[in-house]
Amino acid sequence: MGRYRYPAIAESEVTPRALFEQRRRFLAGSAALAAAALLPGALWPRRANAWPSLLESRLEDSLPSREMAGDEALTSRRDITTYNNFYEFGTRKSDPDVYAHRLVTDPWSVTIEGEVNKARSVALEDILRDMDLEERIYRLRCVEAWSMVIPWIGFPLRDLLALHEPTSDANYVVFESLYDPDNLRGQRRSIIDWPYREALRIDEAMHPLTLMAVGLYGEPMPNQNGAPIRLVVPWKYGFKSIKSVVKIRLVKERPTTSWTEQNPEEYGFYANVNPRVDHPRWTQARERRIGESGRRETLMFNGYGDEVADLYADMDLETHY
Ligand SMILES: Nc1nc2c(c(=O)[nH]1)N[C@H]1C(S)=C(S)[C@@H](COP(=O)(O)O)O[C@H]1N2
Ligand SMILES: [Mo]
């Protein structure tokens, strides 16, 4: 027996829904109302299934499409969803498809904190309400010498960050994935120091190619690809594109990240796709496009050099790998 006794009839049953919600919003008080005026959607009532139905309704409208991989053929949906890296479910490429149904994605909220004027925890449905979705086609180049061409649905990370007003001390952005060892069986083994953490320099995070993806191939993100919301940084190796993000923290000093902590020789902070810098255990000069049999030359910055090379103009990219 708990300390509280619940009323036999919930208030929501005796009050018409609209009135009930209006009252709750009113009771939230003036400070919250002021915040809500600045952050649209902040006071919408929470419901299970809120973000999936909202996202589905957005996907019914035709999305503006931006081609970012030239006229390259798309990797099949089957390959994109059955050949994955998601160590929370095991280290084999087939594990995520087998075990990721255990990922609980609804309700989902993301905490945005640190060097921002407007830190908050925000439900995914509120993020979706605030952001315009776009369809983009990006190559994702994985470090293990394969690549895919994926039609993502998402929005630029910079739009989400701008809403929370980064301070002048926000030099880096740190991301954290979900920690839930009951459901994420891989987290019962210490392959990496869970939760999975990644980071970007602020100018990389604010670059228009850097995407928060919530779907692919016209549907909400499959669990094995990092549902319900993941990062996509198309000019970097795949491990930077962290899945199932629950926290975004803006910080002053450069943070460490899961893979650089685990093996600094093999995984650098920048991880820009660079055919001239080999991974200690394999060449990165060539890659296999998943679904193709031969190998092809890997392009500097994964082919996005025109867009991103300026970010690194003063840096020696063989030292800062
Ligand atoms: N949380 C989390 N994010 C992750 C990983 C992971 O194991 N856990 N693997 C990374 C690696 S190494 C790659 S190659 C890409 C793979 O993304 P995909 O399975 O959607 O192709 O996800 C990245 N993001
Ligand atoms: Mo990877």
Side-chain angles (χ1 to χ4, degrees), residues 83-96 138-148 150 171-179 184-201 203-205 207 209-210 224-226 230-245 249 251 253-290 295-305 308-309 311-312 315-321:
Y83 193 80
N84 300 98
N85 267 343
F86 200 168
Y87 278 16
E88 281 83 342
F89 298 104
T91 54
R92 284 170 301 194
K93 310 274 181 261
S94 54
D95 284 335
Y138 284 160
R139 282 187 212 97
L140 187 61
R141 170 68 162 80
C142 293
V143 75
E144 298 82 358
W146 90 77
S147 65
M148 299 193 185
I150 303 180
N171 297 325
Y172 295 90
V173 184
V174 188
F175 304 84
E176 253 179 51
S177 293
L178 180 68
Y179 180 69
L184 311 184
R185 62 199 295 277
Q187 290 183 333
R188 296 175 218 151
R189 294 171 48 203
S190 43
I191 314 156
I192 62 168
D193 182 21
W194 306 110
Y196 195 106
R197 263 170 302 117
E198 258 309 333
L200 298 172
R201 212 170 58 187
D203 56 341
E204 299 175 324
H207 195 281
L209 285 184
T210 303
Q224 57 268 46
N225 295 89
R230 65 156 314 158
L231 184 67
V232 176
V233 196
W235 69 96
K236 293 178 181 282
Y237 291 115
F239 69 90
K240 298 297 284 185
S241 290
I242 182 172
K243 295 174 165 180
S244 305
V245 171
R249 185 164 54 249
V251 298
E253 310 294 338
R254 190 169 108 181
T256 61
T257 57
S258 299
W259 285 112
T260 48
E261 267 171 35
Q262 200 253 12
N263 197 335
E265 302 295 305
E266 297 193 2
Y267 305 102
F269 177 83
Y270 286 96
N272 291 317
V273 171
N274 188 343
R276 295 193 298 273
V277 178
D278 282 337
H279 184 282
R281 289 184 282 135
W282 51 75
T283 171
Q284 309 211 97
R286 301 174 71 72
E287 68 194 40
R288 186 170 74 92
R289 184 66 47 84
I290 291 297
R295 288 183 174 256
R296 51 167 84 201
E297 303 281 308
T298 294
L299 302 171
M300 188 68 196
F301 298 116
N302 204 22
Y304 300 98
V308 302
L311 298 176
Y312 312 102
M315 290 172 60
D316 173 356
L317 294 175
E318 300 190 13
T319 318
H320 300 280
Y321 58 87

Discussion item. If I take atom CG from residue Leu317 and atom CE from residue Met300, how far apart are they, to the nearest 0.5 angstrom?
Written reply: 5.0 Å
Worksheet item: Do Arg139 and Leu299 come within less than 4.5 Å of each other through their side chains, counting heavy atoms only?
Response: yes
Discussion item. If we count only N and O atoms by modelled type, under 3.5 Å, do the side chains of Gln284 and Thr298 hold a donor and an acceptor together?
Written reply: no
Discussion item. Using the side chain to side chain donor-acceptor pair (under 3.5 Å) criterion, which residues pair with Arg289? Sequence neighbours excluded.
Written reply: Glu72, Ser147, Glu287
Discussion item. Tell me whether the rings of Phe89 and Phe86 are parallel (<30°), tilted (30 to 60°) or perpendicular (>60°).
Written reply: perpendicular
Response to the item:
Phe175 meets the ring pair (Phe, Tyr, Trp, His ring centres under 6.0 Å) criterion, sequence neighbours left out, with none
Worksheet item: Please, which pairs that meet salt bridge (charged side-chain N to carboxylate O under 4.0 Å, His left out) have at least one residue in residues 184-196, sequence neighbours excluded?
Response: Asp193-Arg197
Practice prompt. Please check if atom CZ in Arg276 has more than 12 non-hydrogen atoms from other residues, nucleotides or ligands closer than 6.0 Å.
Written response: no
Discussion item. Could you measure the distance from the CD atom of Gln262 to the CD1 atom of Ile191? Nearest 0.5 Å is fine.
Written reply: 9.0 Å
Worksheet item: To the nearest 0.5 Å, how far apart are CD1 in Ile192 and CD in Gln187?
Response: 8.0 Å
Response to the item:
Ala271 and Phe239 have their tightest heavy-atom pair at CB-CZ, 3.4 Å
Worksheet item: Of all heavy-atom pairs between Pro255 and Val251, which one has the smallest distance, and what is that distance?
Response: CD-CG2, 4.4 Å
Worksheet entry | Results of ring pair (Phe, Tyr, Trp, His ring centres under 6.0 Å) for Trp194 - residues two or more places apart only | none
Item to complete: Name the orientation class of the two ring planes belonging to Tyr267 and Trp259 (parallel below 30°, tilted from 30 to 60°, perpendicular beyond 60°).
Response: tilted
Worksheet item: Do Glu88 and Tyr196 come close enough that some side-chain heavy atom pair is under 4.5 Å?
Response: yes
Worksheet item: Taking all atoms of both residues into account, what is the closest heavy-atom pair of Ser241 and Leu140, and its distance?
Response: OG-CD1, 3.8 Å
Fill in: Over 12 non-hydrogen atoms of neighbours within 6.0 angstrom of CZ in Arg286
yes
Fill in: With Lys240 via side chain to side chain donor-acceptor pair (under 3.5 Å) - residues at least two apart
Glu198
Worksheet item: Hey, what do you get for CG (Leu209) to OH (Tyr138), rounding to the nearest 0.5 Å?
Response: 4.5 Å
Worksheet item: Between Ser177 and Lys243, is there a donor-acceptor pair closer than 3.5 Å when you use the side chain of the first and the backbone of the second?
Response: yes
Worksheet item: Are Glu204 and Lys236 within salt-bridge range, i.e. N to O under 4.0 Å?
Response: yes
Worksheet, complete the sentence: Distance col, row Thr210:OG1 vs Leu231:CG, nearest 0.5 angstrom, shows 7.0 Å
Worksheet item: Does a side chain donor of either Lys93 or Asn85 reach within less than 3.5 Å of an acceptor in the other side chain?
Response: yes
Worksheet item: In Å, rounded to the nearest 0.5 Å, how long is the span from OH of Tyr172 to CZ of Arg249?
Response: 15.0 Å
Worksheet entry | Proximity of Trp235 and Tyr304 rings by center, below 6.0 Å | no
Discussion item. Using the ring pair (Phe, Tyr, Trp, His ring centres under 6.0 Å) criterion, which residues pair with Tyr237? Sequence neighbours excluded.
Written reply: none
